[in-house]
Amino acid sequence: MELFEMTAASLSEKLRSRECSAVEITRSVLEQIGKTEERIGSFVTVCEEQALAKAEEVDRKIAAGEELSPLAGIPVGVKDNICTKGLKTTCASKMLEGFVPPYDAYVIEKIKANDMVITGKVNMDEFAMGSSCENSYYKKTKNPHDTTRVPGGSSGGSAAAVSAGQAILPLGSDTGGSIRQPASYCSVIGLKPTYGSVSRYGLVAFASSLDQIGPIGRTVNDVAMLYQAICGYDQKDATSADINYPDFCADLSGNIKGMTVGVPKEYFGKGISDEVKESVMSAVSEFEKAGAKIIEVSLPSTDYALSAYYIISSAEASSNLAR
């Protein structure tokens, strides 16, 4: 297995045991970007020189015996609506084609504090408005599993990059499904964190009361590792939750015995395909076998959810983009 195909957890162990170097991991990912980018189109900007310099820094710290984060040396792609100091942030738009932020988003400060290696900015639907990653000014991102299909959006570049081996752990943003949907389309793991647990400072806003930055990865454990790194209170975000966060990786025991899982009956009504319904109910059956209690619940406002979303998101987008 090539380094670019491995999980963040596996690469972290290899780095600590000196089986490979951060530079080797970074080169492996950059070479995979070079081989596949023309076919997939995940990246708006690739910063090879900057990435290798950071990887070399991590290797020096490891050689010196410094205590480092488990994510140190792990390559990360950043959705192009998250501000990165000194590195273009275009929101996949012509309008911001040459914009270079003078500051880092809070999550980027956390990424740098964990000594992760930023390899570039990944493609998206322009200003995060879309669900197919076809609406970028620069290029259309394709699904690595079938390039005739879309990868989903708006974080399609992030999901496609993981699926194609172009990134180990990219960041995306989710307003109404923009992490979860492309993660599903590209067969990777995506998480929209609880609102307020990850600072929105430095995220170019779409709909402020809905936007949330979150991780995408190959495994639940990898996603938990990145979520652990980026969550936390930020005084620069008025909606940031000032609470103590658990060790998400330690909670991944797999033991769900006694847990109650609600299945909303409205989600299985008109419009759902038989294939999707069967797949979801198969997962529900696995939960039940593992000891979870399954109950049917009702969310009667479901019929109004999409209409409410479009009213709220459009109003907030109009206000944000007017600035």
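- Side-chain atoms of T119 and F43, non-hydrogen and from C-beta on, do get closer than 4.5 Å to each other.
- Salt-bridge check for K54 with E57: passed, with a basic side-chain N closer than 4.0 Å to an acidic carboxylate O.
- Between L96 and T89 the shortest side-chain heavy-atom distance does not fall below 4.5 Å.
- Side-chain contact between M6 and K14: present, with at least one pair of heavy atoms (C-beta onward) separated by less than 4.5 Å.
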I'd like a table of donor-acceptor pairs (distance under 3.5 Å, sequence neighbours excluded) in which one partner is a side-chain atom from residues 146-167, with atom names and distances.
from, atom 1, to, atom 2, distance (Å)
D146, OD1, T148, N, 3.0
D146, OD1, T148, OG1, 2.6
D146, OD2, T148, OG1, 3.3
D146, OD2, R149, NE, 3.0
S154, OG, K79, NZ, 2.7
S154, OG, S178, OG, 3.2
S155, OG, K79, NZ, 2.9
S155, OG, S173, N, 3.2
S155, OG, S173, O, 3.0
S155, OG, S178, O, 2.9
S158, OG, L171, O, 2.9
S163, OG, H145, NE2, 3.0
S163, OG, C186, O, 3.3
Q166, OE1, S42, OG, 2.7
Q166, NE2, T36, OG1, 2.9
Q166, NE2, E37, OE1, 3.2

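- A salt bridge does not link E109 with K112: none of the charged nitrogens is closer than 4.0 Å to a carboxylate oxygen.
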query = For D80 and T45, what are the C-alpha separation, side-chain angles and deciding distance, and is it a side chain to side chain donor-acceptor pair (under 3.5 Å)?
reply = CA-CA 9 Å; D80 205 27; T45 303; 5.4 Å; no
Which pairs of donor and acceptor atoms, one on a side chain in residues 273-295, lie under 3.5 Å apart (sequence neighbours left out)?
from, atom 1, to, atom 2, distance (Å)
S273, OG, V276, N, 3.2

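- Annotation: side-chain hydrogen bond (donor to acceptor under 3.5 Å, both in side chains) contacts of K85 (sequence neighbours excluded): none.
- In the hydrophobic clustering of this structure, V198 groups with V76; members are Ile, Leu, Val, Met, Phe, Trp, Tyr whose side-chain heavy atoms approach within less than 4.5 Å, directly or through other members.
- In terms of the side chain to side chain contact (heavy atoms under 4.5 Å, CB included) criterion, residue partners of T239 (sequence neighbours excluded) are, by chain and number, Y195, R200, D237.
- Side-chain atoms of K94 never come within 3.5 Å of backbone atoms of Y137 as a donor-acceptor pair (strictly under, hydrogens ignored).
- A distance of 7.0 Å separates CG of L15 from CG of D59, quoted to the nearest 0.5 Å.
- Under the ring-ring contact (aromatic ring centres under 6.0 Å, His included) criterion, Y138 pairs with no residue at all, not counting sequence neighbours.
- I108 is not listed as a side-chain neighbour of C83, based on a closest heavy-atom distance of 4.5 Å or more.
- Taking the side chain as every heavy atom from C-beta outward, Y309 and T175 approach each other to under 4.5 Å.
- The side chain to side chain contact (heavy atoms under 4.5 Å, CB included) search around D251 returns P246, not counting sequence neighbours.
- The hydrophobic cluster containing Y106 also includes Y103, Y201, under a criterion of side-chain heavy atoms closer than 4.5 Å among ILVMFWY residues, counted directly or through chains of members.
- Taking T194 as the reference, S197 meet the side chain to side chain contact (heavy atoms under 4.5 Å, CB included) condition, with sequence neighbours excluded.
- Formation of a donor-acceptor pair under 3.5 Å by the S318 side chain with backbone atoms of S314 is found in this model.
- At most 12 non-hydrogen atoms from other residues, nucleotides or ligands lie less than 6.0 angstrom from CD of E48.
- In this structure, S69 and D115 have side chains that are not in contact, with every pair of non-hydrogen atoms separated by 4.5 Å or more.
- Counting heavy atoms from C-beta on, the side chains of V204 and N320 never come closer than 4.5 Å.
- For F127, there are no ring-ring contact (aromatic ring centres under 6.0 Å, His included) partners two or more places apart in sequence or in a different chain.
- Between Q50 and V117, the closest side-chain pair of non-hydrogen atoms is not below 4.5 Å.
- Side-chain atoms of T141 come within 3.5 Å of backbone N or O of G41 as a donor-acceptor pair.
- Residues passing the side chain to side chain contact (heavy atoms under 4.5 Å, CB included) test with A9, sequence neighbours excluded: T7, N221, D222, M225.
- A donor-acceptor pair under 3.5 Å is formed between the side chain of D125 and the backbone N or O of N135.
- Electrostatic pairing of E31 and K35 does not count as a salt bridge here, judged by no charged N lying under 4.0 Å from a carboxylate O.
- Legend: residues meeting salt bridge (Lys or Arg N to Asp or Glu O under 4.0 Å) with R180, ordered by chain and number and at least two apart, are D174.
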Donor-acceptor pairs under 3.5 angstrom involving side-chain atoms of residues 298-306: please list them, not counting sequence neighbours.
from, atom 1, to, atom 2, distance (Å)
S298, OG, E266, OE2, 2.6
T302, OG1, L299, O, 2.7

